[in-house]
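The residues of the chain are indexed from 1 along the displayed sequence. Remember, it's 1-based here, ligands and their atoms both numbered in the order they're listed.
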Amino acid sequence: MDVFDSITSLKGVGAKRAQALGRAGITTVFDLLTHYPRTYLDWSHTYGIGTAPLNENVCVRAFVGSSCREHIIRKGMTTYSFDVTDGKDVMSVVFFNNKYVKDMLANGEEYLFYGKITSMGRHYKSMTAPRFVRADSGTTLKPVYPQTSELNSNYIEKLIKTALESVGIIPDCIPQSVRDDYCLMSCDEAIRNIHFPVSADYLSEAKRRIAFEELFLLQVGLSRLKIKSKKSTAYSLQKDFSGEFFSLLPFELTGAQKRAIAECTADMSSGIPMNRLLQGDVGSGKTAVSAALIYNAVKNGFQAAIMAPTEVLAKQHSDTFSRFFEGTGIRSALLTGSVSQKEKREIKERLSSGEIDLLIGTHAIIQKDVVFRNLGLAVTDEQHRFGVNQRGALGSKGKNPNILVMSATPIPRTLSLIIYGDLDISILDEMPAGRQKTETYVVGFDKRERAYGYVKKHILSGRQGYIVCPLVDSEDDDAEPDSERKASVKLYEELSTGFFKGFRLGLLYGKMKADDKKSVMAEFAAGNIDLLISTTVIEVGVDVPNAVIMVIENADCFGLSQLHQLRGRVGRGSVRSTCILISDLKNDTVKDRLKILEATTDGFRIADEDLKLRGPGDFIGSRQHGLPDLKLSNMLTDSEIIRETHFAAEKMLKNNPALEGEENNLLKKRVNNMFSKGLVLN
Ligand code: ADP
Ligand code: MG
């Protein structure tokens, strides 16, 4: 039997079972064999009946000392019980509605029973519905499988046993050379041991091998996407207009910005579309880099588009580009959800006829009916806010256009190998000159008044500031965004009638109407609002250089990277800015964590700390990344394996990019299977 055969080819799997298995995602024997145990019961430490702790899972070694007693308790409820003994003490084991145990436990034989012992009265002990195996079975670790209402763990275990007996040697998809390089056990050995470990050591090697395999397949797949996307493009720069663009700017670009622009224009001139990530900390000047590329694209006769995750940010980009491109004749338009139907229609017409050179917008610009005449450059800002698929959607608006995605979220390096495995990367590791480091202070609740006083002082000297509202505890029955809104409204009302009475306060939260948001942001940018009370909607990209102070309430509710992003809203001009994090300092862990922000402004270091403290969820919410599911590997704990597989995959594809040769057929098949579900790139 072949491992890729249908599950129905297994002995004992009828149509009904096959359906139940199908609903659990198991349609082939291979699916079954990669249905890994959720955990294992440790049968290696056994207790005597008298010495076993009560009410916790224990393994007891005992002989069956009676035949089965059957009691009908009521209709539909029958118990089956046995007395068992370890030679010293006696207990009963009880099963409900499970007539099969009658034949499975034999009087006089020794078994291992796994379950909780309860004691009623002084002498009577019992174990209810234990799992059991014969004592001479040699089992030390018993697998426990993810169950469904239709399939219990024991059934799956039995089926896997049958499958393992009938498949022969399971073929290996990892080339021998890679297995040798990284000391991996064979696929066959790994799969057999993940289900029925010979010992704890074998189990951990099996897990390593399987995690390696998953990540290796993922990386090979991503690398191949990267290679595949290197098809040719008509949108190649004939002439480099970067120098001309530089003279339009009111400032001198940093070395890092110039380097990134050069890397991108080299890609864009190569005849193969650019597919690049621009990563740079908040305030590092990614917009100017994208503007240089847009300028180049338009001057070379192509259309360009930039997509931002929020209306506020799209509007801001629109303003920035209008300033940069003033007098150049570049025709741009802003397309967001709140643009009127009539205007939308007009924009779409002008876009498809080529009367618009640059389209700026939110995801409104990837709607089906938005058609470009010749989109040559697609930029996605704050990429981490979009799924991989949305990133692709903008690119698919053109014929192999150049693609740039920008992100301010410094991603721990190991994770970026996966999340951005299909992209080339440019990094802005230098801040514009004259930028002052934002001073950060972590203070307790008792210092709130003082913090506000400090804000007031700044406002009185003509500066502006932010107060960021706490995330509200999710215990609150309300959906989170709404409770955030409430918190911000409440704080706004409190402060505008209290501490900041007489000042010009603004309020900004996510659920506000787009128009209202826009006008609040415009007023703030124009200096008509002194203090903006806001939820985390200001996190992304907002740029008001005169805002020099920020207070973040209940800072401990946020991830460090997120706080770092928020903090990036200040410190955007030449004045030294301040960020005050208010939090409960009685908790030492909280305090130590926040102190990291006092100590450093290095986004990568902060991201690494976040990864350690909070896991990878902040970086790769499953909703966002669009990557295939990983069953066994863990992006957090397997960073070593991520690195290893990255190098192994690169090395392999460098020598053989198309994975030619029969020996690679299985590898190709597995990669394609993995990527057939979910991931659509460009
Ligand atoms: P981010 O990388 O966070 O998107 P922005 O592109 O919004 O950063 O830039 C932040 C601010 O820095 C903007 O006001 C921008 O005009 C300014 N800026 C960008 N590059 C430079 C530079 N080389 N010198 C001075 N200011 C710059
Ligand atoms: Mg930005």
Margin query: Out of the candidates Ile365, Leu335, Val370, only one should pair with Leu351 under the side-chain contact (heavy atoms from CB on, under 4.5 Å) rule; please name it.
Written below: Val370
Which of the numbered atoms in ligand 1 are below 4.0 angstrom from a heavy atom of [X]?
X	answer
Glu252	22 (C), 23 (N), 24 (N)
Thr287	4 (O), 5 (P), 6 (O), 7 (O)
Pro432	20 (N), 21 (C), 22 (C), 24 (N), 25 (C), 26 (N), 27 (C)
Thr254	23 (N)

Notebook entry, point to check: Between Gln238 and Asn300, does any side-chain donor sit less than 3.5 Å from a side-chain acceptor?
Noted result: no
Check: How are the rings of Phe321 and Phe325 set relative to one another: parallel (under 30°), tilted (30 to 60°) or perpendicular (over 60°)?
Finding: parallel
Checklist line | Full working for ring pair (Phe, Tyr, Trp, His ring centres under 6.0 Å) between Phe372 and Phe302 | finding: CA-CA 10 Å; Phe372 290 81; Phe302 320 137; over 10 Å; no
Next item on the list: Could you name each residue pair satisfying ring pair (Phe, Tyr, Trp, His ring centres under 6.0 Å) that touches residues 243-292, not counting sequence neighbours?
Entry: Phe245-Tyr295
Check: Looking only at distance, does Gly285 have an N or O less than 3.5 Å from an N or O of ligand 1?
Finding: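 Such a contact does occur with ligand 1.
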Item checked: Pick from Pro250, Gly283, Ser284: the one approaching atom 3 (O) of ligand 1 most closely through a non-hydrogen atom -> Gly283
